[in-house]
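As structure tokens, the structure follows; a few thoughts come after it.
This is a predicted model, so every value here is computed, not measured. Sequence lines set the chain letters: A, B, ... in the order given, protein chains first and strands last, and positions in each chain run from 1. All values below were derived from every heavy atom in this structure, side-chain atoms included, with hydrogens, water molecules and symmetry-related copies excluded.
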There are 2 protein chains.
Amino acid sequence: MVTSRDVARLAGVSQSTVSYVMSGRRSISEETRRRVEAAIEQLTYQPNAGARALASQRTQVIGLVIPFAPGVEPSGLLPFIETIASCARAEDHDVILVTADEGSAGLTRLAGRRLCDAIVMMDIGAEDARIPVAASLDVPVILIGVPDDSAGLHCVDVDFDSAGRLAVEEMVAAGHEKVVVIGYAPAVIERNVNYVKRFLGGTASAAVLHGIGHEVVAPDATGREGARGAVRKALEIAGSRPGLILPNSEVQTPHVLQALLDHGLVPGRDVSLVGLCTDAVAETSTPQVTNVSLEPRDVSRRAMSTLFRLLDRRDDPAAELVELVTPRLTRRETTLAVP
Amino acid sequence: MVTSRDVARLAGVSQSTVSYVMSGRRSISEETRRRVEAAIEQLTYQPNAGARALASQRTQVIGLVIPFAPGVEPSGLLPFIETIASCARAEDHDVILVTADEGSAGLTRLAGRRLCDAIVMMDIGAEDARIPVAASLDVPVILIGVPDDSAGLHCVDVDFDSAGRLAVEEMVAAGHEKVVVIGYAPAVIERNVNYVKRFLGGTASAAVLHGIGHEVVAPDATGREGARGAVRKALEIAGSRPGLILPNSEVQTPHVLQALLDHGLVPGRDVSLVGLCTDAVAETSTPQVTNVSLEPRDVSRRAMSTLFRLLDRRDDPAAELVELVTPRLTRRETTLAVP
DNA sequence: TTGAAAGCGCTAACAC
DNA sequence: GTGTTAGCGCTTTCAA
């Protein structure tokens with residue numbers, strides 16, 4: 001193994017100089033820097049992560065706790081993972097992965113063994129048992145999602161309340177007098193995640209504000225049959241010119257579109273449909289779905305920037321604990337033109 | 001921070017005894033073990049990973065290189081990640097994540113900085129530029145997927161050749177005289193992955209063997225429209241009683257089923273359809289799809305067991321370099337009954 | 001069956 | 001601007 005001593009010897013400097021060249025924590029003459037860098041290059045030296053962590057008390061690793069649901073495909077988890085990994089790499093950090101099935105044990109291990117400098121935890125339940133544990137760790141923890149009580153932890157999430165409001169406003173603009181929200185499947189409800197009530201609260205209060213009707217029908221399953229049933233119920237309730245809002249659109253969109261077509265209804269002509277999904281999904285459906293954006297990449301980036309702010313102790317105490325990413329509505333083909 | 005010295009002090013033993021109690025690498029009297037374990041418990045001691053790695057030259061971390069495709073959702077990546085993480089935890093190891101967009105740099109970093117003891121690399125191209133780099137590292141590397149030249153590295157994958165054969169044999173059993181394979185979308189072809197030719201080779205040679213017709217139609221896109229077009233072409237080619245084989249069924253299945261229904265054809269009555277997908281996907285479609293299993297969890301488990309065999313230096317040199325997991329056909333609702 | 005002590009490779013005072 | 005040196009917390013000889 002090539003060590004910094006080898007580099008020092010080859011460059012004719014002390015080991016600490018090599019360290020300082022790499023960290024830039026003190027000024028180095030141009031000549032010395034050149035020689036050290038040449039030696040590093042020549043030996044293809046890379047610092048030993050364990051030794052560095054031990055000496056510096058910094059692992060340069062971020063812990064990431066992802067949901068774990070064998071059988072179920074938690075759609076759209078990958079963009080989070082990818083973005084978090086990218087942001088970490090941009091600051092010369094790596095990502096160590098822990099699955100949620102470990103529960104709090106994963107958290108205490110990450111922190112207790114000093115496997116990472118900070119933790120990002122996803123898929124936060126409203127009353128998540130891991131929150132108090134996370135709050136007691138001596139590494140910073142960022143939540144993606146907002147629990148009922150964040151116990152002083154930083155949270156980042158989409159502003160689902162605004163998302164609901166935007167969707168309703170689009171329906172109002174399209175001239176609908178009633179919106180039906182095709183709610184969340186039982187599996188999602190069971191997970192007791194906060195965004196469900198936040199989104200439905202957003203649609204409900206916006207509907208009141210604009211004086212239009214508001215109903216929620218919950219699919220009794222995921223997949224095609226669930227969507228079909230929910231659409232049928234929604235159409236019964238809605239009467240003519242229904243305005244449909246579809247929260248969990250990532251997976252549901254194609255099924256709901258198909259169900260509408262089966263009823264002889266063309267979205268954008270006979271009904272309006274506003275989805276809550278990423279722009280990518282909205283653009284690739286046929287027809288393209290008017291959507292309120294749900295951008296995992298934006299959320300992840302915000303989380304990571306907050307995290308590094310905390311790590312660098314540029315810890316602005318004025319910073320908000322809960323950061324909500326404002327969604328954006330993009331009108332595409334599935335909403336009626338303004339009458 | 002609680003260190004092993006604190007534990008030693010509290011238990012009234014030396015630091016090395018604490019270490020040996022934890023590792024079990026030498027015999028300890030019952031009495032001493034009890035005292036040490038009590039102290040560990042009382043102080044909630046956890047060993048410092050960096051220090052341990054430095055002293056023992058073992059990080060207890062597995063590097064995992066996953067594909068990176070922003071925009072595209074690489075369906076079915078999660079089961080791999082989850083299973084690999086689980087298997088790692090079962091051996092008290094953690095997983096550090098690297099995305100493929102780093103290319104070879106990710107590999108050299110993992111090995112050079114001693115961030116992990118072994119590497120699992122996914123999404124292997126037929127002529128993957130990372131293979132020679134991986135082969136030159138001083139940590140073991142396991143590939144999930146088989147490149148043209150594995151450079152002596154261990155590979156684990158589904159036996160796509162057998163998968164193709166099984167699908168054709170089911171069609172023969174159902175009395176078809178011609179099979180049409182709805183091939184891979186251009187995006188998959190471009191990635192130049194070996195399993196495409198292995199699967200199509202499997203169907204082709206089995207068709208020859210059984211003396212039945214064999215055609216391949218490639219969808220010109222992913223998603224609904226691609227599936228629709230491919231099904232139309234397939235039906236034109238196939239004539240009556242077509243037997244359709246669908247390799248990339250994870251994402252395509254619902255679209256293909258819908259396209260068939262649009263043509264007034266009921267799978268299992270008018271046409272046969274054999275998918276290549278996980279049992280979970282096959283079971284949850286309507287109708288349930290007869291499938292050749294593609295079980296990421298099995299593949300991942302095999303990869304991890306090979307990996308730990310290598311790490312434990314129970315390195316059986318007789319072990320095969322390429323391990324192919326044999327798929328299994330399950331007859332469900334989409335194949336015709338034997339006439 | 002146990003302890004003492006060296007050293008893994010690095011960083012960061014402290015010295016000059 | 002650079003070198004010397006004392007650890008970081010653990011494992012593992014070596015010695016008893």
Quiz prompt | Whole-Å gap separating C1' (dT11(D)) and CG (L54(A)) | solution = 12 Å
Self-check item: DNA chain D-proximal residues of residues 29-53 of chain A, any heavy atom under 4.0 Å
Solution: S29(A), T32(A)
Quiz item: With a 4.0 Å cut-off, would you call D94(A) and R113(B) a salt bridge?
Solution: no
Quiz item: Side-chain N or O of S56(B) less than 4.0 angstrom from OP1 or OP2 on dT11(D)?
Solution: no
Quiz prompt | Upstream residue (5' side of DNA chain D) when A55(A) and V13(A) are each assigned their closest nucleotide | solution = V13(A)
Quiz item: Taking the nucleotide of DNA chain C with the closest heavy atom to each, which residue, G12(B) or M22(A), is nearer the 5' end?
Solution: G12(B)
Practice problem: Would you grab the first and last nucleotide of DNA chain C (5' to 3') that comes under 4.0 Å of any non-hydrogen atom in chain B? | Solution: dT1(C) to dG9(C)
Self-check item: Test side-chain contact (heavy atoms from CB on, under 4.5 Å) applied to E91(A) and I62(A), step by step
Solution: CA-CA 11 Å; E91(A) 305 266 355; I62(A) 305 300; over 6 Å; no
Practice problem: Start with the C-alpha gap between T17(A) and S14(A), add the side-chain angles, then the distance that decides, and say whether side chain to side chain donor-acceptor pair (under 3.5 Å) holds. | Solution: CA-CA 5 Å; T17(A) 297; S14(A) 76; 3.2 Å; yes
N/O to N/O distances under 3.5 Å, protein versus nucleotides 13-16 of chain D:
none

Practice problem: Return yes when atom CZ of R5(A) has more than 12 non-hydrogen atoms of other residues, nucleotides or ligands closer than 6.0 Å, and no otherwise. | Solution: no
Practice problem: Could you tell me the separation between the CG atom of D101(B) and the CZ atom of R89(A), rounded to the nearest 0.5 Å? | Solution: 10.0 Å
Quiz item: With a 4.0 Å cut-off, would you call E30(A) and R34(A) a salt bridge?
Solution: no
Quiz item: Among V13(A), V21(A), V36(A), whose side chain to side chain contact (heavy atoms under 4.5 Å, CB included) with I28(A) holds?
Solution: V21(A)
Exercise. Quick one: label V18(A) by what it contacts on the DNA or RNA (base, sugar-phosphate, nothing), any heavy atom closer than 4.0 Å.
Key: nothing
Quiz item: Among all residues two or more places apart in sequence or in another chain, which pass the side-chain contact (heavy atoms from CB on, under 4.5 Å) test with E323(A)?
Solution: V156(A), R302(A), T306(A), R309(A)
Exercise. Examine the side chains of T59(B) and D117(B) and answer whether a donor and an acceptor come within less than 3.5 Å of each other.
Key: yes
Practice problem: Look at all strands and tell whether T3(A) reaches a base, only sugar-phosphate, or nothing, counting heavy atoms closer than 4.0 Å. | Solution: sugar-phosphate
Quiz item: What pair of heavy atoms forms the shortest contact from T108(A) to L137(A), and how long is it?
Solution: CA-CD2, 4.3 Å
Exercise. Please round to 10 degrees the angle between the axis of the first five pairs and the axis of the last five pairs in the helix from dT1(C)-dA16(D) to dC16(C)-dG1(D).
Key: 30°
Practice problem: Mind running side-chain contact (heavy atoms from CB on, under 4.5 Å) on D123(A) and L77(A) for me, showing each step along the way? | Solution: CA-CA 10 Å; D123(A) 195 43; L77(A) 177 53; over 6 Å; no
Practice problem: For atom CZ of R58(A), decide whether the heavy atoms of other residues, nucleotides or ligands shown that lie under 6.0 angstrom number more than 12. | Solution: yes
Quiz item: A126(A): what forms a side-chain contact (heavy atoms from CB on, under 4.5 Å) with it, not counting sequence neighbours?
Solution: D148(A), N192(A), N194(A), K197(A)
